Amino acid sequence: MLKSAGLLGLATTSSLAMAHVGADGGSHHGFVDGFMHPMTGLDHLAAMLAVGVWSAATTRRFWIAPLAFALTLFAGALLAQGGIAFPAIEPMIAASMLVVGLLLGARARLPEAAGALLVGGFALFHGAAHGQELTGLTALLGMVAGTALLHIAGLGLGRALVRHSVWWTRAAGAAVTLLGLNMAWGLLAG
């Protein structure tokens, strides 16, 4: 119960959620900067972990959605660095947290291709956000490696949560959903 209260408190802190488009005021170079970038904001961190937890909790071929997310994230970052403007990056990141949080909370099972397509679509926007903050291919490769590590951690966490109780994955989904709602609220209020 204490962990749930801590997650709820964290979910209501919108200033911690921003790790993208202008949030830190600068660009990042090199593999290490890129590797750490997905971990510097609660929104990206939660979304990437949640994709892993959801995949581990709901599908046999648990690696498909995280792989789709990482590859599409990379494509979105390359497109953004190439000058392609993505509309509504912030709302789509908030939507990604809402949708993945709800999927996780409901332990919704989608066909693997549909799940990969869904998270891949959201990953384009996460990638575009990162691509606007990172500079160069080395940083982007670091971002993909950091993302992969978060997905692996999410997969491990998902396997552990499923072994203990169905309610742990539901609580994790609720926390991610609250983060998404909080981010959406911040965008609407701002």
Side-chain angles (χ1 to χ4, degrees), residues 1-14 16-20 35-74 76 92-127 129-130 143-184:
M1 192 63 157
L2 185 58
K3 288 181 184 178
S4 296
L7 287 174
L8 288 176
L10 202 50
T12 59
T13 310
S14 63
L16 294 175
M18 307 302 260
H20 36 83
F35 182 84
M36 294 305 297
H37 198 70
M39 299 172 210
T40 60
L42 197 52
D43 55 347
H44 293 306
L45 181 69
M48 292 173 196
L49 285 170
V51 166
V53 173
W54 174 62
S55 294
T58 62
T59 181
R60 258 183 348 117
R61 295 190 307 174
F62 55 85
W63 51 270
I64 292 176
L67 180 62
F69 190 104
L71 293 175
T72 313
L73 175 91
F74 184 60
M92 288 302 291
I93 290 173
S96 75
M97 293 187 337
L98 284 167
V99 170
V100 174
L102 289 170
L103 287 171
L104 177 57
R107 293 180 49 108
R109 296 182 187 271
L110 297 179
E112 290 163 346
L117 186 62
L118 179 68
V119 299
F122 287 130
L124 275 175
F125 292 90
H126 282 268
H130 288 306
M143 172 199 64
V144 172
T147 296
L149 179 67
L150 289 172
H151 286 322
I152 290 167
L155 288 168
L157 180 61
R159 293 283 187 208
L161 292 176
V162 166
R163 280 194 297 270
H164 290 289
S165 170
V166 67
W167 293 105
W168 285 106
T169 54
R170 293 187 194 282
V176 174
T177 301
L178 286 173
L179 284 168
L181 284 171
N182 185 52
M183 185 177 177

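Keep in mind it's a predicted model, so treat the numbers as computed, not measured. All values below were derived from every heavy atom in this structure, side-chain atoms included, with hydrogens, water molecules and symmetry-related copies excluded.
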- Is a side-chain donor or acceptor of Thr58 paired with a backbone partner of Arg109 at a separation under 3.5 angstrom? no

I'd like a table of donor-acceptor pairs (distance under 3.5 Å, sequence neighbours excluded) in which one partner is a side-chain atom from residues 146-161, with atom names and distances.
from: Thr147; atom 1: OG1; to: Met143; atom 2: O; distance (Å): 2.9
from: His151; atom 1: ND1; to: Met48; atom 2: O; distance (Å): 2.9
from: Arg159; atom 1: NH1; to: Ala56; atom 2: O; distance (Å): 3.3

Please output the side-chain donor-acceptor pairs of residues 110-121 that fall under 3.5 Å, not counting sequence neighbours, one pair per line with the distance.
from: Glu112; atom 1: OE1; to: Arg61; atom 2: NE; distance (Å): 2.7
from: Glu112; atom 1: OE1; to: Arg61; atom 2: NH2; distance (Å): 2.8
from: Glu112; atom 1: OE2; to: Thr59; atom 2: OG1; distance (Å): 2.7
from: Glu112; atom 1: OE2; to: Arg61; atom 2: N; distance (Å): 3.1

- Assign the ring pair His126 / His44 to parallel, tilted or perpendicular, where the plane angle (0 to 90°) is split at 30° and 60°. perpendicular

- Message: I'd like to know if the side chain of Trp54 reaches the main chain of Ala108, judged simply by a donor and an acceptor atom lying under 3.5 Å from each other, with no hydrogens or angles considered.
- Response: yes

- Query: With no hydrogens and no angle check, is any side-chain donor or acceptor of Ser55 less than 3.5 Å from a backbone partner on Gly52?
  - Reply: no

- Between the CG atom in Leu49 and the CG atom in Leu42, the distance rounded to the nearest 0.5 Å is 9.5 Å

- Item | Point-to-point distance, once rounded to the nearest 0.5 Å, from CG of Leu103 to CG of Leu98 | 11.0 Å

- Query: So do Thr169 and Val162 actually touch side chain to side chain, heavy atoms under 4.5 Å?
  - Reply: yes

- Query: In Å and rounded to the nearest 0.5 Å, what is the CZ to CG distance from Phe69 to Leu124?
  - Reply: 9.5 Å

- Value for CG (Leu104) from CE (Met97), rounded to nearest 0.5 Å, stands at 13.0 Å

- Task: Work out which heavy atom in Ala46 is nearest to a heavy atom in Leu179; give both atom names and the distance.
- Result: CB-CD1, 3.6 Å

- Message: Please give me the minimum heavy-atom distance between Thr177 and Gly101, naming the atom from each residue.
- Response: OG1-C, 3.0 Å

